[in-house]
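Numbering of ligands and ligand atoms starts at 1, following listing order. Here the structure is a predicted model, which is why all the values come from computation and not from measurement. Residue numbers run from 1 in the order of the sequence given.
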Amino acid sequence: TVKATIDGQPVEVPYGTSILDAARQAFIKIPTLCKHQDLPATAACGLCIVKLQGSGKLPRACATPLEDGMEIVTQDHELTEIRRSVIELILSNHPNECLSCGRNGNCELQSLAADFGIRQDVIKRTVRDLPCDNSNGSIVLDFRKCIKCGRCVTVCQEVQNVWALSFLERGINTRMAPAGDITLAESPCIKCGQCAAHCPTGAIVERDDVSIVWDALADPDKYCTVQIAPSVRVALGEEFGYPPGTNLTKKIYAFMRRLGFKAVFDTNFSADLTIVEEASEFVERFVHGKGELPLITSCCPSWTDFMEKKHYDFIDNFSTAKSPQQMLGVMAKTYFAKKNKIDPAKVYQVSIMPCTAKKYELERTDEMMASGFHDVDVVLTTRELARLIKQSGIDFKALPDEDADSILGEYSGAGTIFGATGGVMEAALRTAYFYVTGENLTGKAIDFESVRGLQGVKEGTIDIKGTKVRVAVAHGLGNVEAVLNKVRAAREKGEELPYHFIEVMACPGGCIGGGGQPYGVSDEVRRQRIAGLYADDRDCAVRFSHENPEIKRIYAEFLEKPLSHRAHELLHTNYTP
Ligand code: HC1
Ligand code: SF4
């Protein structure tokens, strides 16, 4: 460890800790725009300069490790003035459009301008006239609002390993953009939204579809229905002052009904449906030898997009089961509509997701119209839902708890953990175990601890009555290649496969860390959101997807059995390179 003082307070931190992090531990917040908790320092903005006593130096706190005996001053009149100048300099190249910006009220630059009391508009503002890139249906790039912090480039290249974004041009004209100055749609972007989640300003935001939902609700010819993804329920509260991980499922249902939705469904229900199909698929491949192993999960649309673009040698390994979002959409417009004698052409399906890529998934292939209509009509991210709630004037925090509608609404604990990395694997194994042995796991054996947690790649071996199933879970696309390469190497050498089943989620932490979730994510926040989902699992009376009474009913009344002809037509899809 090293011992030093920060603003007179003694601190002791592990060797290599930056001054910025050391100060945080002493409850001192040094302002920064370029450093994000998730990402390495780029030392780009210069806001975090501090004084190193006795040296006359002004090191950047984000990129300078604390050393023994240092006396650091983080705040005085002079530092405040320097920081104010830095902010003014950034503002001099930034459009003055806060009122109409997607980050209004939630922008790190705006907050700093407020905190530092910037009262006069900067004398000379030069903003380059660059058009927005709206080419991609999930993410919008407004280059004029870029402050060159580099967070988006770092997350896209180093965390996600996609390399859709890079820095273009030099000097004062430097800006982030799709590499090669093509459009985002032409780029390898897989729409994960991690760039938007890490951008400090409005330079990268989700496409805002809130007004589409208002229009649909006002349309007397539409029968509006809604589904809520697993991870939304434990993150939405952050927009209303609840701690991360607070489970607001029942308030969200109540809100949706008051807003005018005629039926309130839960993606957790269809997560159970996905598991029944996918676990059956696993058993077909693993026990009966019908199909490629390892089976790879496919419910994350950024991952399927990435696989099709970069790892298409694994197409036959992908589960053909559609994602829960798409399964719910098709069930709403077939089974639900029929049962309730509603014209399926009038059923309108809104989907609330933590994810920007879900906006793309609904039109991925023709198979996303298995009902004869768009199975899902529009996707709002958690952040958009928060805006919808605020626009509605409904006092969200005061709402009573309500339940979902009685079909397509009930869920098991296995359905809810889909939102956390490892959750899909765990849910599938619980059901696969039953399909192979005819018995349900009991007690502690229901929890597959080896696939839980935030480690980038998790491996485990599950014993199904003497048969060993080897599994791997990767989250954050940058962690995928190592796992796939192990499989490739074994294939080439004709060796035994390292895994039989692999789960991949594009975003760090899984959907709870999705690109459409409330801002300010860190591993601490991810852990709290995950804890919220596992608590929901523990509290569920039913812990297995195949035991969900509504799932049983939908097979008895409509789908017949897992992997039936009808299930294949409605609930499965395919992939193309
Ligand atoms: Fe997800 Fe999924 S878990 S992909 O992470 O399979 O987005 O939450 O809704 O569809 O259920 C996201 C979350 C979500 C689907 C499910
Ligand atoms: Fe990169 Fe994801 Fe942003 Fe696309 S959405 S540019 S892949 S970080």
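- In this structure, Phe544 has its ring center at least 6.0 angstrom away from the ring center of Phe434.
- Nearest protein neighbour of atom 16 (C) of ligand 1, counting heavy atoms only, is Pro324 CG, 3.3 Å.
- When only non-hydrogen protein atoms are considered, atom 3 (Fe) of ligand 2 lies nearest to Cys195 SG, 2.2 Å.
- Remark: minimum distance from atom 14 (C) of ligand 1 to any protein heavy atom is reached at Pro230 CD, 3.7 Å.
- A donor-acceptor contact closer than 3.5 angstrom is absent between the side chains of Asn247 and Tyr242.
- Taking atom 7 (S) of ligand 2 as the reference point, the nearest protein heavy-atom neighbour is Ile190 N, 3.4 Å.
- Closest to atom 3 (S) of ligand 1, if we only count protein heavy atoms, is Phe418 O, 3.3 Å.
- The shortest N or O to N or O distance between Lys358 and ligand 1 is under 3.5 Å.
- Side-chain contact of Gln325 with Gln227: a donor-acceptor pair under 3.5 Å is absent, judged by distance alone.
- At a heavy-atom distance under 4.0 Å, only side-chain atoms of Met353, from C-beta outward, approach ligand 1.
- Counting only heavy atoms of the protein, atom 9 (O) of ligand 1 lies nearest to Ala229 CB, 3.1 Å.
- In Lys191, the part holding a heavy atom less than 4.0 Å from any atom of ligand 2 is the backbone.
- Of all protein heavy atoms, the one lying nearest to atom 5 (S) of ligand 2 is Gly193 N, 3.1 Å.
- The side chain to side chain donor-acceptor pair (under 3.5 Å) test applied to Asn106 returns no partner, not counting sequence neighbours.
- Looking only at distances, no side-chain donor or acceptor of Trp303 sits under 3.5 Å from a matching main-chain atom of Ile190.
- Among all protein heavy atoms, the one lying closest to atom 1 (Fe) of ligand 2 is Cys156 SG, 2.4 Å.
- Of the listed residues (Ser302, Gly514, Ala271, Cys511), the one carrying the non-hydrogen atom nearest atom 4 (S) of ligand 1 is Cys511.
- Residue contact annotation: Cys192 places an N/O/S atom under 2.8 Å from atom 2 (Fe) of ligand 2.
- Between Phe265 and Phe336, the gap from one ring centroid to the other is short of 6.0 Å.
- Checked options Arg103, Lys358, Arg387; the residue passing with Glu206 is Arg387 (criterion: salt bridge (charged side-chain N to carboxylate O under 4.0 Å, His left out)).
- Side-chain contact of Ser412 with Asn548: a donor-acceptor pair under 3.5 Å is absent, judged by distance alone.
- A heavy-atom separation below 4.0 Å is found between Pro354 and ligand 1.
- Using modelled atom types, one finds a donor on one side chain and an acceptor on the other under 3.5 Å when comparing Tyr360 with Arg364.
- Under 4.0 angstrom from ligand 1, there are no non-hydrogen atoms of Gln326.
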